[in-house]
Student: 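Here you go, one structure.
Chain letters run A, B, ... following the sequence lines, proteins first, then strands; residues in each count from 1.
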There are 2 protein chains.
Amino acid sequence: MGESRGAELLWGSRGKTARPQRLALTVDRIADAAIEVADAEGMAAVSMQHVAAQLEVTKMALYRHVASKAELVAVMIESAVGEPPDLTTVPGGWRPRLVRWADLMRAAWDRHPWLPAATTGERLTGPREVGWTESAVAALADTGLDGSERMDAVFLLSGHIRNTQSAATAGTQPWTAEKHLRDILRDHSHRFPALLEAEGSTNGSARDNGWSFGLERILDGLAVLIDSRR
Amino acid sequence: MGESRGAELLWGSRGKTARPQRLALTVDRIADAAIEVADAEGMAAVSMQHVAAQLEVTKMALYRHVASKAELVAVMIESAVGEPPDLTTVPGGWRPRLVRWADLMRAAWDRHPWLPAATTGERLTGPREVGWTESAVAALADTGLDGSERMDAVFLLSGHIRNTQSAATAGTQPWTAEKHLRDILRDHSHRFPALLEAEGSTNGSARDNGWSFGLERILDGLAVLIDSRR
DNA sequence: ACACCTTGTGTCCGCCGGACACACAAGTTA
DNA sequence: TAACTTGTGTGTCCGGCGGACACAAGGTGT
């Protein structure tokens, strides 16, 4: 990258050839470019080379602003999840608040389908991400649940978001591989009678990867516990 | 790899030097070696080179038996999850059956902590994996739930297993990063009052990443729905 | 005896993350 | 004004990755 500057030195205006007035590289610009790549081509396409090309610089230029790819991904995540919401204005107690929280979080993750892929494995965690957790835990303040129960409840809920979202972008699980599963069932239906029957007896509900079903079940389950504490 | 055979040709027994009586390479031996590597060093350490070295062959030899790394991983998964269980002998209806199913699945995933990492993203699915789903869906046969509800319920449950297991192996989520979270709270406690308070008011329960908590909530939530259908 | 087929080897390619030395403009100080 | 420092982008190199492809050398069937 960076074509030879020989001809330019010979023929160009010599005085001010190098480094034209190009936008300065910043962490934010890098993160935005990386997010753009990830939104369009998926997390697998986010390499230092690709992001740098997007900004018309060499990949090593990026390392002046981020220490490693892991750090770049961390910055991408912080930017993509956005500011955590304020749920204190939502009326109706813990359940409507959690529903609002889940909808907002799902919306953010919907805008950036690579978030599940980016947030697996050991990694750095930023303040906004912690802020989202804070927000949900706060919504459970007056439920009579103790601290670890509140944490576990939020973990359960956000895990559900993660699962439905990653299932949405990749036919990752046996039960969500729509077409794939149907093919298997056609060829091996005798081995999976219960799946075959379940496939046939759907009530024609909207296919949302079990998002609303799981959400309702989780909230119902929390309600059972919370009511029992009163 | 494979040192030059010059000296051997000059000094060796010439007739039967090459290809000593070494165990024949098979898909199963390759998968076993790969699983061994993954169990010991994690999924990131599973490369064709590393697995081949484990078997004392070149990496290209593996491609005589598997078409790609994705196929190797698929075979690893099929081998690692094991045969799906027969739950029909478990008494007490759907709930004990699902508890048994979840415990068995969690045990298998516990033996192979790389399973979460290996089963994310687009991938191939084998009969055993589908068999596990079949097994759980079958356990919900007499609940009055329709087909897609049964599928969604199993998705919800197995998603919880995946989440708790991947949280166990990597401090991946803000709420499971134990030490990390504690550090953040020490430095920024004013920004996360609810987390700080939750951290303090735990009832000293066993730390299992919310496994049993989430399992009970999910099953309670399913029970609410199932009871309402009767 | 010979041809074929199977199976493992060696070499090459492009891409990855990243270390490191260098180029060069701008600001600071003498 | 001249010399130095600092900050930012470039070029080159490295080891490791998945994988294509040609080749070697057994075993086997005719």
Student: Quick one: Ile30(A) CD1 to dG17(C) P, roughly how many Å, whole number?
Tutor: 14 Å
Student: Can you tell whether the side chains of Arg150(B) and Glu199(A) come within less than 4.0 Å, N to carboxylate O?
Tutor: no
Student: Determine the contact category for Met60(A): base if any of its heavy atoms lies under 4.0 Å from a base atom, sugar-phosphate if only primed atoms, P, OP1 or OP2 are that close, otherwise nothing.
Tutor: base
Student: With nearest nucleotide decided by heavy atoms, which residue, Ala45(A) or Ala67(A), maps closer to the 5′ end of DNA chain C?
Tutor: Ala45(A)
Student: Less than 4.0 angstrom between a side-chain N/O of Gln49(B) and OP1 or OP2 of dG18(D), yes or no?
Tutor: no
Student: For the pair made of NE2 in His50(B) and C1' in dG15(D), what is the distance, rounded to whole Å?
Tutor: 16 Å
Student: Decide if atom CZ of Arg100(B) counts as having more than 12 heavy atoms of other residues, nucleotides or ligands within a radius under 6.0 Å.
Tutor: no
Student: Heavy atoms from C-beta onward define the side chain here; which of dG11(D), dG18(D), dG18(C) lies closest to that of Lys69(A)?
Tutor: dG18(C)
Student: Checking salt bridge (charged side-chain N to carboxylate O under 4.0 Å, His left out) for the pair Arg123(B)/Glu71(B): CA distance, chi angles, key distance, verdict?
Tutor: CA-CA 9 Å; Arg123(B) 63 193 178 85; Glu71(B) 194 175 292; over 6 Å; no
Student: Take the protein atom CE of Met43(B) and the nucleotide atom P of dG18(D), then report the distance between them rounded to whole Å.
Tutor: 10 Å
Student: His65(A) has an atom NE2; how far is it from atom P of dT10(D), in whole Å?
Tutor: 10 Å
Student: Within the structure, does a side-chain N or O atom of Ser47(A) lie under 4.0 Å from either OP1 or OP2 of dC16(C)?
Tutor: yes
Student: Expressed in angstrom and rounded to an integer, what is the separation of Tyr63(B) atom OH from dG18(D) atom P?
Tutor: 6 Å
Student: Can Glu149(B) and Arg217(A) be counted as an ion pair, charged N to O under 4.0 angstrom?
Tutor: no
Student: What's the CD-P distance between Glu71(B) and dG19(D), to the nearest Å?
Tutor: 10 Å
Student: Quick one: Leu62(B) CG to dA20(D) P, roughly how many Å, whole number?
Tutor: 14 Å
Student: Going by an N to O cut-off under 4.0 Å, is there a salt bridge joining Arg191(A) and Glu134(B)?
Tutor: no
Student: Do the side chain of Lys59(A) and the base of dG17(C) come within less than 3.5 angstrom through a donor-acceptor pair of N or O atoms?
Tutor: yes
Student: With the side chain of Ala61(B) defined as its heavy atoms from C-beta on, choose the nearest nucleotide among dG17(C), dT9(C), dG18(D).
Tutor: dT9(C)
Student: In this structure, how many angstroms lie between the C1' atom of dA25(D) and the CG atom of Leu25(B), rounded?
Tutor: 17 Å
